[in-house]
K.L.:
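One structure, as C-alpha cells, below. Some questions next.
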Amino acid sequence: METHAATHRALLIGEPNLYVEYGTLRFLADHAERANLFTVDDFPAQRAAAGAAGKGALVIALPHRISDLDAIAAAYPGGTRTEHYDNLDRLTYISYVLPAE
C-alpha cells in the first residue's frame, strides 16, 4: 500500500480476517489512502473516487476472497495481477493494480 500511496487508492478485500484499520497497516501504510472493499458491488464507487483524485486502484485480496478479486479483474481488465507469498511459499495475498482512468 505504501509503495503505491502517491498514485493509487488501496482497496482491501479482507473481511472478516483483515481490515484497513488493523493496527500494523496504520503504521506501515500511513501515507496510503485506503478503504475496505466489502463487496464487489462497492468497487465502481471506490474506483470512481480514486479516479476523481487522479489515482488508480490497488486492490488487495486475501486468499479466501480471490473470487471477488477475479470478478473485479473480469469487469475491469487491463490491470496487473500479482500473487504474493510468504517465506514458506504460502499465498498471502493477491494484488491487482489498475492505472488511473
Side-chain angles (χ1 to χ4, degrees):
M1 288 182 186
E2 186 68 19
T3 301
H4 293 278
T7 56
H8 291 78
R9 180 179 182 150
L11 305 169
L12 177 62
I13 309 173
E15 182 187 37
N17 299 336
L18 184 65
Y19 300 90
V20 296
E21 299 86 9
Y22 185 72
T24 306
L25 289 179
R26 291 182 303 153
F27 296 105
L28 294 177
D30 63 337
H31 296 101
E33 182 182 344
R34 57 196 184 273
N36 293 302
L37 191 61
F38 296 110
T39 71
V40 173
D41 293 336
D42 295 335
F43 183 74
Q46 292 287 352
R47 173 85 164 137
K55 293 185 173 189
L58 164 64
V59 183
I60 298 170
L62 297 187
H64 69 284
R65 300 289 301 271
I66 291 174
S67 62
D68 292 323
L69 181 68
D70 290 342
I72 290 170
Y76 295 85
T80 303
R81 179 187 166 120
T82 306
E83 294 182 351
H84 303 266
Y85 294 86
D86 67 12
N87 293 344
L88 298 175
D89 205 31
R90 296 176 297 201
L91 181 63
T92 306
Y93 66 94
I94 301 99
S95 62
Y96 187 65
V97 181
L98 283 163
E101 294 182 287

K.L.:
Just verifying a value: how many Å separate His8 NE2 and Leu98 CG, rounded to the nearest 0.5 Å?
P.N.:
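Spacing of NE2 (His8) from CG (Leu98) equals 7.5 Å.
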
K.L.:
What distance separates Thr7 OG1 from Leu58 CG, expressed to the nearest 0.5 Å?
P.N.:
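Going from the OG1 atom of Thr7 to the CG atom of Leu58 covers 8.5 Å.
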
K.L.:
Can you tell me how far OG1 of Thr92 sits from CD1 of Ile60, rounded to the nearest 0.5 angstrom?
P.N.:
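Result: 12.0 Å between the selected atoms.
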
K.L.:
Got a second to check how far Phe38's CZ is from Ile13's CD1, nearest 0.5 Å?
P.N.:
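Answer rounded to 0.5 Å: 11.5 Å.
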
K.L.:
Which residues pass the salt bridge (Lys or Arg N to Asp or Glu O under 4.0 Å) test with Asp41, not counting sequence neighbours?
P.N.:
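Here no residue qualifies.
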
K.L.:
Sequence neighbours left out, what passes side chain to side chain contact (heavy atoms under 4.5 Å, CB included) with Ala35? Give chain and number order.
P.N.:
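Result, side chain to side chain contact (heavy atoms under 4.5 Å, CB included) vs Ala35: Arg9, Leu11, Gln46.
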
K.L.:
Test of understanding: with ring pair (Phe, Tyr, Trp, His ring centres under 6.0 Å), list the residues that count as partners of Tyr93, not counting sequence neighbours.
P.N.:
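Testing Tyr93 for ring pair (Phe, Tyr, Trp, His ring centres under 6.0 Å), a comparison that skips the adjacent residues, returns His84.
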
K.L.:
Show me the pairs that pass ring-ring contact (aromatic ring centres under 6.0 Å, His included) and involve residues 49-71, at least two apart or across chains.
P.N.:
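Sorted pair list comes back empty.
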
K.L.:
Ser67: what forms a side chain to side chain donor-acceptor pair (under 3.5 Å) with it, not counting sequence neighbours?
P.N.:
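Partners of Ser67 by the side chain to side chain donor-acceptor pair (under 3.5 Å) criterion come out as none, since no residue qualifies.
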
K.L.:
Among all residues two or more places apart in sequence or in another chain, which pass the side chain to side chain donor-acceptor pair (under 3.5 Å) test with Glu83?
P.N.:
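Testing Glu83 for side chain to side chain donor-acceptor pair (under 3.5 Å), a comparison that skips the adjacent residues, returns Tyr85.
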
K.L.:
Side chains of residues 68-79: which donor-acceptor pairs under 3.5 Å do they make with residues two or more places apart or in other chains?
P.N.:
{"residue": "Asp68", "atom": "OD2", "partner": "Arg65", "partner atom": "NE", "Å": "2.5"}
{"residue": "Asp68", "atom": "OD2", "partner": "Arg65", "partner atom": "NH2", "Å": "2.9"}
{"residue": "Asp70", "atom": "OD1", "partner": "Arg81", "partner atom": "NH1", "Å": "2.5"}

K.L.:
For Asp89, enumerate each residue passing the side chain to side chain donor-acceptor pair (under 3.5 Å) test, keeping only those at least two apart in sequence or located in another chain.
P.N.:
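For Asp89 there are no side chain to side chain donor-acceptor pair (under 3.5 Å) partners, ignoring immediate neighbours.
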
K.L.:
Hydrophobic clusters join Ile, Leu, Val, Met, Phe, Trp and Tyr when side-chain heavy atoms are under 4.5 Å apart, directly or via other members; which others share one with Leu88?
P.N.:
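Hydrophobic cluster check, Leu88: no partners found.
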
